[in-house]
Amino acid sequence: MGLFSFLLGHDSRRFIKRKDSDAGEAGRALEELRSSLFNELRTSEGAKRQQQRFCGPVVAMTFNFMVAVGIILGNKLVMGRVGFNYPIFLTLIHYVTAWILLAIFKAFSLLPVGPPSKTTPFSSLFALGAVMAFASGLANTSLNHNSVGFYQMAKIAVTPTIVTAEFFLFRKTISFSKVVALVVVSFGVAVATVTDLEFNAFGACVAFAWIVPSAINKILWSNLQQQGNWTALALMWKTTPVTIFFLVALMPWLDPPGVLSFKWGPTNTSAILVSALLGFLLQWSGALALGATSATSHVVLGQFKTCVILLGGYLLFGSDPGLVSIVGAILALCGMSVYTSLNLKESTEKSTNLLPSQNLPSVKPVKPKSSEDEEKPLVEDNSSAV
């Protein structure tokens, strides 16, 4: 009884009430946080702020790097071991899966709101959706007909294409030191992948036809997010139906016949669905990376992935790509390090130049007034009053 009375004493009841009040305050704080995040997603500016807050350049590029490695290996598995040799139809499955997932997000009010339609013309969204269909479809077709090494060699040409297109479209220039770093990166990747160049005539044509749509696709994704207050998911929701339409149109031209006779067993279907899920994550992570950085930086990230895969196989699994390939990969990594340091230095200088104008009000020096200057306002005021 003594112990029971102690547990029900005044101090114990006060302790329990304090715990209940703390739990109530924590619950209210979580509810306020949830409601604030929900309200942020209801406007395009708020959703853009949340994306920039949680998905900075490092997070977005790391996310894209991890997914990109998985999707290349997954697509090679699906089109090689599984025998699903229909790259355009595989890309169509990727985008249909992405559209279904986005529709689920929208049904649960998890899809960020895009900016008003008058701020972004429909022609820009339609062009992005069409270019994305060609870029993604031709990329998978190139992987189906060529080796990974030749695919990466074709990707080298995307870098000068982006630089040239951004100059003519937006008058955007880059410094000479960045040009040198990009040349070193491209030369290193070319040397690293020169031993794995397996292709045929049709695959080479597809690879070269893929270069321009890939460059324009990256430029549009980066520009619309950075200039138009679009988030990655909101832009995907608007452009995915257009991409699906063009992929359906491309299927009879680029896919071989016999897709309906494919054996859809549990193992094959599971592999294709895993590839489709990775495809959605690749599109999302790529859009985040392009919104946080630039089109050129995103291409450099893809080349970094190639070098890491090559060196990782040599260091971890004992593969022997050859001394020339190893030296080329190391040279490319050195060029990427220089390019990254130049970007960081440039962003630091921009933020330093913006701080004085944003935080410190401009104060003009006050000159001592003479007796004539003090009399002039009186005369001017009297004349204006009259």
Side-chain angles (χ1 to χ4, degrees), residues 60-61 63-65 67-68 71-72 75 87-88 90-92 94-96 98-99 102 114 120-143 151-152 154-170 172 182 205-228 230-250 254 278-303 305:
M61 297 185 79
F63 181 27
N64 184 242
F65 170 78
V67 176
I71 192 66
I72 289 181
N75 285 351
I88 302 298
L90 179 63
T91 309
L92 178 63
H94 288 183
Y95 280 94
V96 170
W99 189 81
L102 291 171
T120 304
F122 177 75
S123 58
S124 299
L125 300 177
F126 185 84
L128 177 57
V131 169
M132 190 161 49
F134 284 93
S136 302
L138 293 178
N140 283 338
T141 306
S142 177
L143 278 174
Y151 172 77
Q152 297 298 334
K155 188 180 288 187
I156 294 175
V158 177
T159 303
T161 305
I162 289 176
V163 174
T164 305
E166 286 186 332
F167 174 76
F168 284 106
L169 294 176
F170 308 111
K172 183 178 179 181
L182 291 175
C205 293
V206 170
F208 288 120
W210 164 79
I211 293 172
V212 173
S214 177
I216 300 299
N217 179 49
K218 295 178 186 299
I219 292 172
L220 291 178
W221 271 103
S222 180
N223 186 66
L224 284 175
Q225 288 188 84
Q226 294 180 7
Q227 304 296 331
W230 283 93
T231 58
L233 290 176
L235 200 54
M236 288 167 61
W237 174 251
K238 289 291 186 180
T239 57
T240 299
V242 181
T243 304
I244 292 174
F245 172 79
F246 277 94
L247 286 173
V248 172
L250 284 175
L254 295 177
L278 289 174
F280 166 73
L281 294 177
L282 178 67
Q283 186 187 359
W284 185 19
S285 62
L288 290 173
L290 287 167
T293 57
S294 65
T296 308
S297 299
H298 190 254
V299 175
V300 173
L301 174 66
Q303 295 169 343
K305 169 196 61 186

* Asked: Hey, are the side chains of Trp221 and Met236 touching, using non-hydrogen atoms and a 4.5 Å cut-off?
  -> yes

* Asked: Looking at Ala215 and Ile162, what are the two nearest heavy atoms and their distance?
  -> CB-CG1, 3.5 Å

* To do: Look up atom CH2 in Trp210 and atom OG in Ser136, then write down how far apart they are to the nearest 0.5 Å.
  => 10.0 Å

* Evaluation steps, ring pair (Phe, Tyr, Trp, His ring centres under 6.0 Å), between Phe245 and Tyr95 -> CA-CA 10 Å; Phe245 172 79; Tyr95 280 94; over 10 Å; no

* Asked: Considering residues at least two apart in sequence or located in another chain, which fulfil the side-chain contact (heavy atoms from CB on, under 4.5 Å) criterion with Val67?
  -> Phe63, Leu281, Leu282, Ser285

* **Full working for side chain to side chain contact (heavy atoms under 4.5 Å, CB included) between Phe246 and Val242** => CA-CA 6 Å; Phe246 277 94; Val242 181; 3.8 Å; yes

* To do: To the nearest 0.5 angstrom, please state how far the CG atom of Leu138 sits from the CG atom of Leu254.
  => 6.0 Å

* Asked: Between Ala232 and Leu288, what is the shortest heavy-atom contact and its length?
  -> CB-CD2, 3.8 Å

* **Atom NZ of Lys155 with >12 non-hydrogen neighbours under 6.0 angstrom** => yes

* **Atom pair CG/OG1 of Asn217 and Thr239 - distance to nearest 0.5 Å** => 9.0 Å

* Is any side-chain heavy atom of Ile88 less than 4.5 Å from a side-chain heavy atom of Asn140? -> no

* Measure the spacing between CG of Leu102 and CZ of Phe280 and express it to the nearest 0.5 Å. => 5.0 Å

* How long is the span from the CD atom in Gln303 to the CG atom in Leu182, to the nearest 0.5 Å? -> 8.0 Å

* May I ask you to test the Thr120-Lys238 pair for a side-chain heavy-atom distance under 4.5 Å? => no

* Shortest non-hydrogen contact between Gln226 and Ala292, atoms and distance -> NE2-C, 4.5 Å

* At their closest point, which heavy atom of Ala133 faces which heavy atom of Leu247, and how far apart are they? -> O-CD2, 3.6 Å

* To do: Indicate the atoms forming the closest heavy-atom contact of Val131 with Pro213, along with that distance.
  => CG1-O, 3.2 Å

* Is the number of heavy atoms from other residues, nucleotides or ligands under 6.0 Å of Phe134 CZ greater than 12? -> no

* Asked: Can any side-chain N or O of Glu166 pair as donor or acceptor with the backbone N or O of Ile219 at less than 3.5 Å?
  -> no

* Residues forming a side-chain contact (heavy atoms from CB on, under 4.5 Å) with Phe167, sequence neighbours excluded -> Arg171, Thr173

* **side-chain hydrogen bond (donor to acceptor under 3.5 Å, both in side chains) assessment of Asn64 paired with His298** => CA-CA 9 Å; Asn64 184 242; His298 190 254; 3.1 Å; yes

* pair Met132-Gln283: side-chain heavy atoms closer than 4.5 Å -> yes

* **Residues forming a side-chain contact (heavy atoms from CB on, under 4.5 Å) with Ser142, sequence neighbours excluded** => Asn146, Tyr151, Val206, Ala207

* Say you draw a straight line from OG1 of Thr296 to CG of Leu301; how long is it, rounded to the nearest 0.5 Å? -> 12.5 Å

* Closest approach of Lys172 and Ser294, non-hydrogen atoms and distance? -> NZ-CB, 4.3 Å

* Would you say the side-chain atoms of Ser214 pair up with the backbone N or O of Ala135, donor to acceptor, closer than 3.5 Å? -> no

* Do Leu235 and Leu128 come within less than 4.5 Å of each other through their side chains, counting heavy atoms only? -> yes

